[in-house]
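Just the heavy atoms: all of them, side chains too, but no hydrogens, waters or symmetry mates, feed the values below.
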Amino acid sequence: MLNFLLTFVLLEITAKLTKKRATPIRFVIASIIGAAYSLIIFCDGVNELLSALLKIASSLVIVAVAFSFHRLTQYIKSVLIFYFSSIIVLGVTIAVCFVFELGFIAVNNSVIYFDLSAGMIIVCALASYLLSCVVIRIYDRLLSKKEIYTLKIEYKGNCSTMLAFLDTGNNLREPFSNSPVIVVDKSKINFEIESFRYVPVNSVNGNGLLVAFKPDKIVLKSSKGEEVIENAYVALSENIKNESYSALLSYNILSV
């Protein structure tokens with residue numbers, strides 16, 4: 001159960017860092033796989049090479065089950081961030097061991113087991129998650145001050161390209177899918193939308209509804225490179241009046 005909870009927390013941290021979301025059932029199944037792998041401690045005679053290969057294989061399966069991917073590069077990036085999330089949790093746990101002068105209970109098959117109670121391990125995992133959330137929020141706010149992005153929206157063979165600004169105040173989400181929403185100047189969309197949804201919005205101009213649609217592809221370009229945005233909606237607005245940009249991005253769409 002502890003390894004189930006730890007794997008679940010690791011996946012949540014990974015989701016925060018990559019801005020990828022998945023259904024709870026996918027996280028549960030992936031966490032069950034992580035919990036099952038922890039039983040390797042009961043296996044005797046596993047050499048270091050086989051242990052390392054099994055560890056890599058289990059993490060590859062866990063990430064693949066937890067998230068859906070359209071590109072191999074996205075999958076590899078998520079796996080690496082999953083490892084990074086493990087380092088965060090391990091770092092917090094080791095810090096607790098040093099602070100409370102706790103030793104290691106066992107090392108078996110390249111796995112370190114700490115002399116911590118179940119409650120303390122859960123606290124360490126949750127502390128790691130909260131720490132990650134704070135760091136990510138700070139990162140997002142610093143990122144929003146740096147540059148203007150190039151946004152390309154593709155829909156049923158049509159394409160619109162415009163400049164976009166990362167707005168930390170844009171927390172809009174499509175109500176049914178809970179997907180983040182990019183707000184664009186309506187005049188920049190030069191094609192007809194066949195299927196749309198309404199997104200409620202609260203702004204300085206009052207409350208209302210924006211027409212939103214799901215593009216076939218969203219590409220965001222910056223000095224860091226090009227990134228394909230998944231699971232985001234585009235809402236049309238007549239209130240973006242700025243000469244520097246024509247769209248407002250949500251920080252919920254950008255991965256690290």
Hey, what do you get for OG (Ser31) to CG (Leu11), rounding to the nearest 0.5 Å?
-> 5.0 Å

Could you list the residues that satisfy side chain to side chain contact (heavy atoms under 4.5 Å, CB included) with Ala125, not counting sequence neighbours?
-> Leu6, Val9

Can you list the other members of the hydrophobic cluster that holds Leu49, where links are side-chain heavy atoms under 4.5 angstrom apart?
-> Leu53

About how many Å separate CD1 of Ile81 and NZ of Lys16, when rounded to the nearest 0.5 Å?
-> 14.0 Å

Starting from the C-alpha separation in whole Å, work towards a yes-or-no answer on side chain to side chain contact (heavy atoms under 4.5 Å, CB included) for Arg26 and Thr23.
-> CA-CA 6 Å; Arg26 295 181 73 106; Thr23 58; 3.1 Å; yes

Between Ser244 and Leu163, what is the shortest heavy-atom contact and its length?
-> O-CD1, 3.5 Å

Rounded to the nearest 0.5 Å, what's the gap from CG on Leu5 to CG on Leu126? Could you check?
-> 8.5 Å

Does one side chain, of Ser179 or Asn231, offer a donor that lies under 3.5 Å from an acceptor on the other?
-> no

Val89 side chain near Ile13 side chain, heavy-atom distance below 4.5 Å | yes

Tell me, do Ser59 and Phe82 make a side-chain contact under 4.5 Å, heavy atoms counted?
-> yes

Taking the side chain as every heavy atom from C-beta outward, state whether Lys152 and Cys159 have any atom pair closer than 4.5 Å.
-> yes

So salt bridge (charged side-chain N to carboxylate O under 4.0 Å, His left out) across residues 172-183, not counting sequence neighbours, yields Glu174-Arg197

Find the distance between CZ (Phe165) and CG (Leu249) and round it off to the nearest 0.5 Å.
-> 9.0 Å

Given Val201 and Leu209, is the side chain to side chain contact (heavy atoms under 4.5 Å, CB included) satisfied, shown in steps?
-> CA-CA 6 Å; Val201 58; Leu209 295 172; over 6 Å; no

With sequence neighbours left out, write down each residue that passes ring-ring contact (aromatic ring centres under 6.0 Å, His included) with Phe84, or none if nothing qualifies.
-> none

Just wondering, more than 12 heavy atoms not from Glu226 lying within 6.0 Å of its CD?
-> yes

I would like to know whether Tyr198 and Leu210 meet side chain to side chain contact (heavy atoms under 4.5 Å, CB included); could you show each step before the answer?
-> CA-CA 5 Å; Tyr198 288 107; Leu210 295 180; over 6 Å; no

Side-chain heavy atoms of Thr150 within contact of Leu220, under 4.5 Å | no

Got more than 12 heavy atoms from elsewhere within 6.0 Å of NZ, Lys186?
-> no

Just jot down the ring-ring contact (aromatic ring centres under 6.0 Å, His included) partners of Phe67, sequence neighbours excluded, or say none.
-> Phe27

Just by distance, do the side chain of Thr18 and the backbone of Ser78 share a donor-acceptor pair under 3.5 Å?
-> no

Ser187 meets the side chain to side chain contact (heavy atoms under 4.5 Å, CB included) criterion, sequence neighbours left out, with Asp185

What distance separates Asn190 CG from Met162 CE, expressed to the nearest 0.5 Å?
-> 8.0 Å

Between Phe191 and Tyr155, ring centroids under 6.0 Å = yes

Separation of Leu17 CG from Lys77 NZ (nearest 0.5 Å) = 10.0 Å

